[in-house]
Amino acid sequence: MIDSKRLKILLQNKTTSTYLNYLFFTIIFIELIAEHFHLLKVILILKIVPIPLLMILYCCNTPKISPIYLIALFLNWLTNFFFALHDIKVLLTASILFVFCRILFLFLIYNNLNFRRIIPFLLGCIPFLFMFLSLINLIFLNLSRAELYTSLIHSVIMTIFGGFALSNFILKNDISSKFLLLSSLFFTINLIILGIKFYYIDYNILKPISFFLFVLGQYTFYKFLILSEKSLSVL
């Protein structure tokens, strides 16, 4: 058996981290192929693997583990699992879990950016608010009352997310701010695609695109968090 000290050394090894990165993107590639050929069993198995891998990657690279981020990833994992079931009955549950996850993400962003400039933040919110209002206007007639409220909450949270990301990118324009902006764009486009898929037009191509954007959003947010934690740890 590997004791806790040896396990910690193994996790912090750069080679281990590199192999995990390769494994992460290999699984994504296989998942996209499985989506194309409708290999349902492969899809169900592989769709729930990336988030646990991301948890391990985070533990490998962070200077100080954030329990909040791990909880957020676990909620994301549950959300992804429910979506993988393709059952409309659990869609609302997945949406609620998604809300809690994004609230935790907002907390992590605020903590790691130490953001205090309100005007750039409000200006950064505008393009994201426009995109989400356009989506809700498109699918409004197909939403139940609960789904409408959930969609509005999602829109508000992701507008705030995007406002932080865009304003931080404009003001700082460093590597971590680029990853945060990419993450917000991937998550936003993914939500728009999911809204169209579930409530407007369901094209087969939307499923693999949605999954790809979801994991890219998760990975780029992880990169932002690692870089910002490391920069704060040296202050």
Nearest 0.5 Å, what's the CG-CG distance between Leu57 and Leu23? 9.0 Å

Heavy-atom closest pair (Pro127 atom, Leu166 atom, distance to 0.1 Å) is CG-CD2, 3.7 Å

When clusters are formed from ILVMFWY side-chain contacts under 4.5 Å, directly or step by step, what else is grouped with Leu133? Leu129

Pair Cys101, Thr79 - check side-chain contact (heavy atoms from CB on, under 4.5 Å), show working. CA-CA 9 Å; Cys101 168; Thr79 303; 5.5 Å; no

Taking side chain to side chain contact (heavy atoms under 4.5 Å, CB included) as the definition, give me every residue that meets it alongside Leu135, ordered by chain and number, with sequence neighbours left out. Ile139, Ile192, Ile196

For Asn204, which residues count as a side chain to side chain donor-acceptor pair (under 3.5 Å) partner, sequence neighbours excluded? none

For Met158 and Ser184, work out which heavy atoms get closest and say how close. CE-O, 4.5 Å

Quick check against the 3.5 Å criterion: does Ser167 have a side-chain atom that pairs as donor or acceptor with the backbone of Phe164? yes

Under 6.0 Å between ring centres, would you say that holds for Phe25 and Tyr219? yes

For the residue pair Phe161 and Ser183, what are the closest heavy atoms and their distance? CZ-OG, 3.9 Å

What I'd like to find out is whether the side chain of Leu113 reaches to under 4.5 Å of the side chain of Leu180, using heavy atoms alone. yes

So do the side chains of Ile160 and Phe121 get within less than 4.5 Å of each other, counting heavy atoms only? yes

Below 30° counts as parallel, above 60° as perpendicular, anything between as tilted: where do the rings of Tyr22 and Tyr19 land? tilted

Between Phe107 and Tyr110, does the ring centre distance come in under 6.0 Å? no

Please name the residue in the list Leu97, Ile96, Ile103 that meets the side-chain contact (heavy atoms from CB on, under 4.5 Å) test with Val99. Ile103

Calculate, to the nearest 0.5 Å, the distance between atoms CD and CD1 belonging to Glu35 and Ile43 respectively. 4.0 Å

Hphob cluster co-occupancy, Ile175 + Phe186, side-chain heavy atoms under 4.5 angstrom: yes

Any side-chain heavy-atom pair from Ile170 and Pro120 closer than 4.5 angstrom? no

Show your working on side-chain contact (heavy atoms from CB on, under 4.5 Å) between Ile189 and Ile193 and close with a plain yes or no. CA-CA 6 Å; Ile189 298 170; Ile193 288 174; 4.0 Å; yes

Identify, with sequence neighbours excluded, every residue that meets side chain to side chain contact (heavy atoms under 4.5 Å, CB included) alongside Ile126. Leu123

Show every salt bridge (Lys or Arg N to Asp or Glu O under 4.0 Å) that has at least one partner inside residues 166-177, sequence neighbours left out. Lys172-Asp174

Residues two or more places apart in sequence or in another chain: which of them pass side chain to side chain donor-acceptor pair (under 3.5 Å) with Thr26? none

Evaluation steps, side-chain contact (heavy atoms from CB on, under 4.5 Å), between Phe198 and Glu147: CA-CA 11 Å; Phe198 283 110; Glu147 290 167 340; over 6 Å; no

Membership question, hydrophobic clusters at under 4.5 Å side-chain separation (ILVMFWY): are Ile33 and Ile45 in the same one? no

Under 4.5 Å between any side-chain heavy atoms of Lys207 and Lys197, yes or no? yes

Nearest-0.5 Å distance, CD1 of residue Ile157 to CZ of residue Phe98: 8.0 Å

For residues Pro52 and Trp77, report the shortest heavy-atom separation together with the two atoms involved. CD-CD1, 3.5 Å

Gap separating the CG atom of Leu182 from the CZ atom of Phe187, nearest 0.5 angstrom: 11.5 Å

Student check: side-chain heavy atoms of Leu143 and Ser151 closer than 4.5 Å: yes

Counting C-beta onward and ignoring hydrogens, is there a side-chain heavy-atom pair between Pro50 and Gln218 closer than 4.5 Å? no

Atom CD1 in Ile51, atom CG in Leu78: separation rounded to 0.5 Å? 10.5 Å

Side chain of Thr220, backbone of Leu216: donor and acceptor closer than 3.5 Å? yes

Applying the 4.5 Å side-chain criterion to the ILVMFWY set and letting contacts propagate, would Phe130 and Leu181 be lumped into a single cluster? no

Val42 versus Glu31, closest heavy-atom pair with distance: O-OE1, 4.0 Å

Heavy-atom distance under 4.5 Å between the side chains of Leu148 and Leu152, does that happen here? yes

Taking the inter-plane angle between the rings of Tyr58 and Tyr69 on a 0 to 90° scale, is it parallel (under 30°), tilted (30 to 60°) or perpendicular (over 60°)? perpendicular

Kindly state whether the ring of Phe214 and the ring of Phe211 have centres lying under 6.0 angstrom apart. no

Measure from the side-chain N and O atoms of Asn190 to the backbone N and O of Leu213, and report whether any donor-acceptor pair falls under 3.5 Å. no

Check: Tyr222 and Leu73 side chains under 4.5 Å, non-hydrogen atoms: no

Minimum heavy-atom separation for Ser176 and Phe224, please, with both atom names. O-CD1, 3.4 Å

How many angstroms lie between atom OG1 of Thr188 and atom CZ of Phe132, to the nearest 0.5 angstrom? 4.0 Å

Under the side-chain contact (heavy atoms from CB on, under 4.5 Å) rule, what do Arg102 and Asn76 come out as? Steps first, then yes or no, please. CA-CA 9 Å; Arg102 290 300 179 265; Asn76 252 317; 3.4 Å; yes

